[in-house]
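Below is one structure, written out as structure tokens; the observations come after it.
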Amino acid sequence: MDYRFREIEARWQQFWQQEKTFKAENSSSAPKYYVLDMFPYPSGAGLHVGHPLGYIASDIYARYKWLKGFNVLHPMGFDAFGLPAEQYAIQTGQHPAVTTSENIAQYKSQLSRLGFAYDWDREVRTSDPFYYKWTQWAFLKMFDAWYDEETNRARPLSELINRFKSQGTNGLNAARSAGAIDFSAAEWNEMQAEQQQQVLMHYRIAYLADTMVNWCPALGTVLANDEVKDGLSERGGHPVIRKSMKQWSLRISAYAQRLLEGLDSLEWSESAKEIQRNWIGRSEGAVMRFKVMNHEFEIEVFTTRPDTIFGCTFMVLAPESDLVKTLTHPDHRQEVESYVTDAVNRSDRERMAEVKNVTGVFTGTYAAHPFIGEPIPIWVADYVLAGYGTGAIMAVPAHDTRDYAFARQFSLPIVQVIDGDISEGAFDSKDAQVINSGFITGLHVKEAIRVMNLKLEEMGIGYSKVNYRLRDAIFSRQRYWGEPFPVYYRDGLPYPLAEEQLPLELPEVDAFLPTEQGDPPLGRATGWHTPEGYPFELSTMPGFAGSSAYYLRYMDPLNDNTLVDKAVNAYWQDVDLYIGGMEHATGHLIYARFWNKFLFDLGYVCKDEPFRKLINQGMIQGRSSLVYRINGTNTFVSCGLKEAYDVTPLHVDVNIVSNDQLDMEKFRMWRPEFSSAEFILENGVYHCGYEIEKMSKRFYNVVNPDDLADRYGADTLRMYEMFLGPLEQHKPWDTNGIEGVYRFIRKFWKMFFNAGGNFSVSDDEPTSAELKVLHKTIKKVQEDIERFSFNTAVSTFMICVNELGDLKCNKRAVLEPLTILISPYAPHLAEELWHLLGHQTTVARAEFPVFNTGFLVEDTFEYPVSFNGKTRFKLTCATAARPAEVEEAVRNHEQTAKYVAGGAIKKVIVVPGRIINVVI
RNA sequence: GCCCGGAUGGCGGAAUUGGUAGACGCGUUGGACUUAAAAUCCAAUGAACAUUGAGUUCGUGCCGGUUCGAUCCCGGCUCCGGGUACCA
């Protein structure tokens, strides 16, 4: 019987669906295993061959865990809110809900063809009110919580209010916004309710505040830091400017230290952890106050190098700093104001492009050096960022590169206080001695920092402090297609809806555009207010809102009473294996960890970290085909001959190229301008060149998994994607290679059939050679799967089939375990053969074959014999032979004399079961 | 600039703990089967030299070191990929 994969694959996909083969039970005596793929956003373009890579890997692992007796949770769903659908809606007028559900249907059908073992009963969609009820719920919890730095966890706001009532802010150690002020219990109790609300806003984990935001005019919305790359929006590549707006934010900065420390316990790649560490950006330093001369004000600066204070020759304020206005001397007002206006209006992109241009302006005011009392000029310059530290710095040009450039530009003095070369640039090494610095002179930098910090505290002008680069996450988007905030406004202050009023459903609007007054699209919705007439929030939540707790919802997706039932959460705990792209390292993976820690603090979930093991699959790159047109003609020259001509390379659709040979007829039909193309051939064929680049429509190198599943079957495609190379590595796609896997699959199939094409397996006892092949394979496949080395596992199956082919093995005792072994990789094939072998139930719940080392024991070993490290010949010895015996055999071997050739044997090294090395 | 990866045949890659470099697959070449093609099967395939008994030399980005032995460890460099970018 032929290997009819279309029929086989359709049959078993239907079977798994009907039987609910991969339904995960929420309580089970079996151990749990949770395998998760990163939430896909279903774009209109559909899948290309690179997308399923991670899904195939996680599916293989999930199926493997089933075979190992685990109760496996392997769900799939869709991140369905988001900008692309809304942009498309603006262009076409189609409701984003419509296009999104079409895209999901397309995505699901493509996924289904590949035979994934998902529990589809748990599918979630972020745009479904039944789902986003819990996104809104989490927001309400964050609105109603503060962060206690004493116990290092979030707590209900009611606790903070009680505390204010009894002791005000006295002794409070809480994460709060800049500008929060201290007060007594009496002062609190005297405040109006509105005033109290304003105070509380400084402490809420979800809070509303004026913040500098990344405003993207083209998208008409603000963006989070991780949604901006190089001053352009990640979606669409539009310019972004900085702007102050009233926005919802999440106080993720309160979690910076825990997010950093938590990384140590996770099984993530070093690079993924490193990206997060850099993003969190912890730096230890000191805050120091400088008195401004002839003013009552002080300037607070943050520095990581308090040891260099004696080298401070000027100070710099960020243009956005509130102090600029206050401190500027009247004589310099005009100059400063015009500089500040310019700096503030420039887009991030412009600012970045001008990094090399050193600009700044003197305020006319001086601060007093805290130790030597000398006046220090105060400047304003855009190289100091408002959002980091205190928005002001003490400049030490001798030991900071940026300050050095600035001092040079404006001829400011450079005073050296660390021993090192500053003739060409700043000397910023910390492994050096302090000089010229009063009481810290002679100390090593690290010691000097410690001593200085103590001194600052003693003098009451500073203290040591840890700063983080991580900013609070801006949580409002002025867009339509997202979760509405469960918030209404009364007298300009936000109030939460009651939990029972959730979900607050997204209203219909007449257009997905801002209103004429410039309000977000929800401003168009009629009746967008409470029954009492209080208006609802007009912004919606960002894309990361819906994806920050979806892994929890999968545990208990149908529960309408709680995000996830406590007992269910206690069973599934956390994600054991998470597979997805590295591009989420600074966005989703930080937000989800934060969100999870918050829910953990309030006791809603049992694990502090959500994703124990993370694997970032590499990108599948496109392999573009090129043809070479001779300039000024319509003649194309084959790749090998192109050097003799003046040519322009052109991309050609990879689907009309096979094995780098161009189908010239199809090429002429491809596009009208090529209909009269002429060719200069090599040996009668046109060879294309190739280039490895991103898989993208514009390079005509997109390969569709549906086409390949049609031609070779899903099992072949699955195995080929794995065979391509290590999961985490980027690698180019080359459709040619799939033939090799297809040949292998058919060879595998044929082992179960006789010459007449009938299913035929023998019940004879297997030979020791056959058992050896089987057990060698079990061992290797298991080891490979455990270390996520799927490419070598596929090779192992190929070797196994080649060897069993040589042995002409068709014994049930070998083929049956092999069928189970291959079932995670080629599940349809395995299921078909499993049933042909007479089983009634699914192979997916069979037991993974147990490796028996006894079958691999060898009596002899063929030693490679090397002389000074160069292998010369082989020598077969008994496995049990002692090293001395082996050495004896080598010395007496007929070939040995030839390689010793005149020299003398100094030593013979015998590594039992490995190698023999003769040293001459 | 800083941080993190990586570099092995014509191509994708293997070598898990310092022990036979190039598994497996693609491609290429030759052969078998066939009227022919496809499919299938067999053989060869790192390079150079030599040559038909075999062999010899070189070879895992480059230079050096440690070791009986290095793709693997150490020092220095080159190139490629990713992250980040005035973060004080």
Side-chain angles (χ1 to χ4, degrees), chain A residues 229-230 269-279 281-283 285 301-305 308 316 351-352 354-356 358 381-385 387-396 399-403 405-406 428 467-471 582-583 585-586 616 618-619 621 623 659-660 690 692 720 723-726 728-741 743-744 746-747 750 780 783-784 786-787 789 791-800 802 805 862-874 906-911 913-920:
Chain A
K229 289 246 148 55
D230 300 325
S269 71
E270 221 19 71
S271 57
K273 289 187 191 182
E274 206 51 36
I275 289 172
Q276 291 221 337
R277 287 192 191 108
N278 291 338
W279 191 258
R282 178 189 159 98
S283 69
V301 301
F302 174 74
T303 178
T304 53
R305 295 296 301 274
T308 60
V316 187
R351 245 164 114 152
M352 278 179 204
E354 293 165 14
V355 161
K356 296 281 173 316
V358 179
D382 66 359
Y383 82 89
V384 173
L385 304 180
Y388 186 78
T390 60
I393 61 154
M394 64 172 213
V396 183
H399 307 294
D400 181 282
T401 312
R402 295 149 302 178
D403 298 345
F406 195 81
D428 56 11
N467 240 314
Y468 298 92
R469 206 186 71 119
L470 183 71
R471 304 300 149 75
M582 189 66 100
E583 65 274 18
T586 52
N616 299 112
M619 201 173 45
Q621 298 153 309
R623 187 179 188 280
N659 224 340
D660 286 338
Y690 71 90
I692 305 302
Y720 183 56
F723 185 61
L724 233 36
E728 297 183 73
Q729 201 166 298
H730 295 333
K731 54 235 162 207
W733 179 264
D734 182 5
T735 300
N736 290 321
I738 200 171
E739 295 279 355
V741 174
R743 271 193 272 271
F744 154 75
R746 279 179 300 169
K747 270 196 243 175
K750 275 190 193 155
K780 176 84 171 128
E783 282 169 2
D784 284 349
E786 293 278 4
R787 65 190 175 107
S789 177
N791 55 325
T792 52
V794 176
S795 307
T796 304
F797 283 120
M798 289 174 169
I799 294 166
C800 171
N802 289 346
E862 191 184 39
Y863 278 97
V865 181
S866 54
F867 292 78
N868 282 347
K870 288 194 179 100
T871 307
R872 295 302 184 182
F873 58 87
K874 305 285 172 63
K906 279 191 197 153
K907 200 165 147 192
V908 176
I909 290 161
V910 177
V911 183
R914 285 275 187 196
I915 197 172
I916 299 162
N917 192 19
V918 181
V919 186
I920 304 164

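What you see is a predicted model; the values in this text were computed from it and never measured.
Using C1' as the reference atom, B:C80 and B:C42 are 41 Å apart when rounded to the nearest Å. Of the P atoms belonging to B:A7 and B:C62, the separation is 13 Å, rounded to the nearest Å. When the P atom is used for both B:C33 and B:A47, the distance is 30 Å, rounded to whole Å. Between B:G1 and B:A15, the distance separating the two P atoms is 34 Å to the nearest Å. B:A21 and B:A70 have their C1' atoms separated by 11 Å, given to the nearest Å. Between the C1' atoms of B:C2 and B:G12, the separation comes to 33 Å (whole Å). For the C1' atoms, the distance from B:U8 to B:G22 is 8 Å, rounded to whole Å. Between the P atoms of B:G69 and B:U51, the separation comes to 33 Å (whole Å).
If you check every strand for non-hydrogen atoms under 4.0 Å, A:Asn467 touches nothing. If you check every strand for non-hydrogen atoms under 4.0 Å, A:Ser283 touches sugar and phosphate atoms only. At a threshold of 4.0 angstrom between heavy atoms, the contacts of A:Ile393 include nucleobase atoms, whether or not backbone atoms are also involved. When heavy atoms are screened at a 4.0 angstrom cut-off, A:Lys874 is found touching base atoms of the nucleic acid. Within the nucleic acid shown, A:Asp403 has no heavy atom closer than 4.0 Å to any nucleic acid atom. Nucleic acid contact class of A:Arg623 (heavy atoms, under 4.0 Å, all strands): none. Among the heavy atoms of the strands lying under 4.0 Å from A:Arg872 are primed sugar atoms or P, OP1, OP2 only; no base atom is included. Contact annotation for A:Arg469: base contact, defined as any heavy-atom pair under 4.0 Å involving a base atom. Across all strands shown, A:Ile909 has heavy atoms under 4.0 Å from base atoms, whether or not it also approaches the sugar-phosphate. Within the nucleic acid shown, A:Glu739 has no heavy atom closer than 4.0 Å to any nucleic acid atom.
Among all heavy-atom pairs drawn from A:Leu724 and A:Pro732, the shortest one is CG-O, 4.3 Å. Here the closest heavy-atom approach between residue A:Arg305 and residue A:Met394 is recorded as O-CE, 3.6 Å.
As a whole-Å value, the separation of A:Arg277 CZ from B:G5 P is 11 Å. In this structure, the NE2 atom of A:His730 is 7 Å from the C1' atom of B:G81, given to the nearest Å. What separates CD1 of A:Ile692 from P of B:G82 is a distance of 14 Å, to the nearest Å. Rounded to whole Å, atom P of B:G6 lies 15 Å from atom NZ of A:Lys731. Taking atom CD on A:Gln621 and atom P on B:G81, their separation rounds to 10 Å, with Å as the unit. The interatomic distance linking A:Ile915 (CD1) with B:C72 (P) rounds to 16 Å, in whole Å. Separating the NZ atom of A:Lys273 from the P atom of B:C3 is a distance of 20 Å, rounded to the nearest angstrom.
Using the Watson-Crick or G-U wobble rule with both distances under 3.5 Å, B:A47 pairs with B:U57. The base-pairing partner of B:C86, taking Watson-Crick or G-U wobble contacts with both distances under 3.5 Å, does not exist among the strands shown. Across all strands shown, B:G12 is found opposite B:C24 as a Watson-Crick or G-U wobble partner, with both distances under 3.5 Å. When both distances must be under 3.5 Å, the Watson-Crick or G-U wobble mate of B:C33 does not exist. Nucleotide B:G5 forms a Watson-Crick or G-U wobble pair with B:C80, both donor-acceptor distances falling under 3.5 Å. The nucleotide B:C68 finds its pairing partner in B:G19, both defining distances of the Watson-Crick or G-U wobble pair being shorter than 3.5 Å.
Along RNA chain B, the nucleotide nearest to A:Asn917 and the one nearest to A:Gly389 differ in position, and the one closer to the 5' end is contacted by A:Asn917. Toward the 5′ end of RNA chain B lies the nearest nucleotide of A:Ile799, the other residue of the pair A:Asn659 and A:Ile799 mapping further downstream.
Glycosidic conformation of B:G25 is anti; the angle lies outside 90° of 0.
Set against B:C24, B:A15, B:U84, the side chain of A:Trp279 has B:U84 as its closest nucleotide. Distances from the side chain of A:Thr792 to the nucleotides B:A15, B:G13, B:A88 place B:A15 closest. Set against B:G19, B:G83, B:C26, the side chain of A:Ile275 has B:G83 as its closest nucleotide. Of the candidate nucleotides B:C24, B:C3, B:A88, B:A88 has the atom lying nearest to any side-chain atom of A:Thr304. Distance from the side chain of A:Thr871 is smallest to B:U20 among B:A88, B:A23, B:U20. Closest to the side chain of A:Asn278, from the set B:G19, B:C3, B:A88, is B:C3. Picking from B:A88, B:G25, B:U20 the nucleotide with the shortest atom distance to the side chain of A:Pro864 gives B:U20. The side chain of A:Pro732 has B:G12 as its nearest neighbour among B:C24, B:G12, B:C3. Taking every side-chain heavy atom of A:Arg743 into account, B:G27 is the closest of B:G27, B:A88, B:C4. Side-chain proximity of A:Asp784 to B:C3, B:U16, B:G13: nearest is B:U16.
For the residue pair A:Lys747/A:Asn802, the side-chain donor-acceptor check at 3.5 Å is satisfied. With hydrogens and angles left out, the side-chain atoms of A:Tyr383 and A:Asp403 include a donor and acceptor closer than 3.5 Å.
Residue side chain A:Lys750 does not reach the base of B:U40 through any donor-acceptor N/O pair under 3.5 Å, judged by distance alone.
Using a 4.0 Å cut-off, no side-chain N or O of A:Gln729 falls inside it from OP1 or OP2 of B:G6. Dashed line: the shortest gap from a side-chain N or O of A:Asn802 to OP1 or OP2 of B:C24 is not under 4.0 Å.
In this structure, the side chains of A:Val865 and A:Thr871 stay at 4.5 Å or more apart for every pair of heavy atoms. Contact annotation: the side chain of A:Ile916 never approaches that of A:Val911 to less than 4.5 Å [non-hydrogen atoms, C-beta and beyond]. Between A:Trp733 and A:Gln621, the closest side-chain pair of non-hydrogen atoms is not below 4.5 Å.
The pair A:Glu274-A:Arg277 meets the salt-bridge criterion, since a charged nitrogen lies less than 4.0 angstrom from a carboxylate oxygen.
Results of the side chain to side chain donor-acceptor pair (under 3.5 Å) test with A:Arg623 over A:Thr735, A:Asp660, A:Asn736 single out A:Asp660 as the only residue that passes.
Taking the six-membered ring where the residue is Trp, A:Phe302 and A:Tyr388 present perpendicular rings, their angle passing 60° and hence far from 30°.
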